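Written below as structure tokens is the structure these notes are about.
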Amino acid sequence: MNQAEAAHSLVLELKRLRSEGVRDLYVEEESLAALEDSLRRNFGDPSSSSSTPGPTAPVSTAVSGNDRPKPKPSQVQSPLEDPSIHIPDPTPFSIPEGSKKERLDWLREKIVGCPTCNSELNPGGHVVFGTGNPEADLFLCGEAPGAEEEQQGVPFVGPAGELLNRILDAMNLPRDEVYIGNIMNWRPRHDQSFGNRPPTPREMNFCMPYLKAQLEVVSPKVVVALGKTATDGLLGPDPTRRLGDVRGKWHEFQDIPMMVTYHPSYLLHNPSKASKRKVWEDMLLVMKRLELPISDKQMGFFR
Ligand code: URA
Ligand code: URA
């Protein structure tokens, strides 16, 4: 697909979303930067010439096209408006002494009863706490529950979870031997009927003590950050960080060795052999670190 075709597809997709009633759109910072870069190369830099169309011209035509009356400004939510402005600061707590299992049970009860978490749920939804072995050597951290996770109250049970299960299978690690958690304990609310919104810094800040407490109790040998949100949550946000640069390398979260890799849902959207191999190479590094046996067959997956 060349850039003109890509721009055309984008316009069609925006129109389709609008026809379905979508009024707000969340775009990853990285995607926005790539789009801006591509438009600038095609249409020039708006700051260098006032006669060339600005980089947002084609997109804004698509969003507020003239085949429909323009919505009044009050109907449009500014992308700069924080949808989580009402989320409070977290309240400090300490976990009673006990076995790892007892301490996790106490934490689960606390989080499942957390009033802020509960106030964010969609109808029929559940607060989602981590799952797995309290004695796990490997702790996998995702972003936030999606629709399936919210309904079942269990992390990674939707399409991304199925892919995560296949990755664990390939590592010869049963899912109930590892621990799986998320940055968020609820599914970030948004007005669309489908898709997920990445959590805001305020939402992440509220839930981080709950994730840190799970990490402290489990105290795994290795933590894997799945995707950008988990990486930003665990390493602290850094606008210059690109996942492609930090994945496949060892980092540290509170003295625990931490591997960064792509999120399974990124693989679902980019199912090339090359992306699968990258994630697999990251998992091979994790297996080595955990001193798990690695067969020649496993070495060669996705090559
Ligand atoms: N994606 C995540 O990051 N976490 C889940 O629990 C499900 C999907
Ligand atoms: N960008 C993300 O936000 N997540 C990924 O997993 C890969 C790229």
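Read the numbers this way: they start at 1 and go in the same order the structure lists the ligands and their atoms. Quick caveat: nothing in here was measured; it's all calculated off a predicted structure.
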Worksheet item: Got a sec, which residues hit side-chain contact (heavy atoms from CB on, under 4.5 Å) with Pro159, two or more places apart in sequence or on another chain?
Response: Glu148, Leu268

Fill in: Protein residues having a heavy atom less than 4.0 Å from any atom of ligand 1
Gly142, Glu143, Ala144, Glu149, Pro155, Phe156, Asn182, His263

Item to complete: For the residue pair Trp280 and Phe302, categorise the inter-ring angle as parallel (less than 30°), tilted (30 to 60°) or perpendicular (more than 60°).
Response: perpendicular

Practice prompt. Kindly write out the residues that satisfy side-chain contact (heavy atoms from CB on, under 4.5 Å) with Glu150, not counting sequence neighbours, or none if the list is empty.
Written response: Leu121, Asn122, Arg187

Worksheet item: Could you give all pairs that pass the salt bridge (Lys or Arg N to Asp or Glu O under 4.0 Å) test and reach residues 266-282, with sequence neighbours left out?
Response: Arg247-Asp282, Arg277-Glu281

Worksheet item: Are side-chain N/O atoms of Thr116 and Ser119 paired as donor and acceptor at under 3.5 Å?
Response: no

Discussion item. I'd like to know if the side chain of Thr240 pairs up with that of Asp238 as donor and acceptor (distance under 3.5 Å, no hydrogens or angles considered).
Written reply: yes

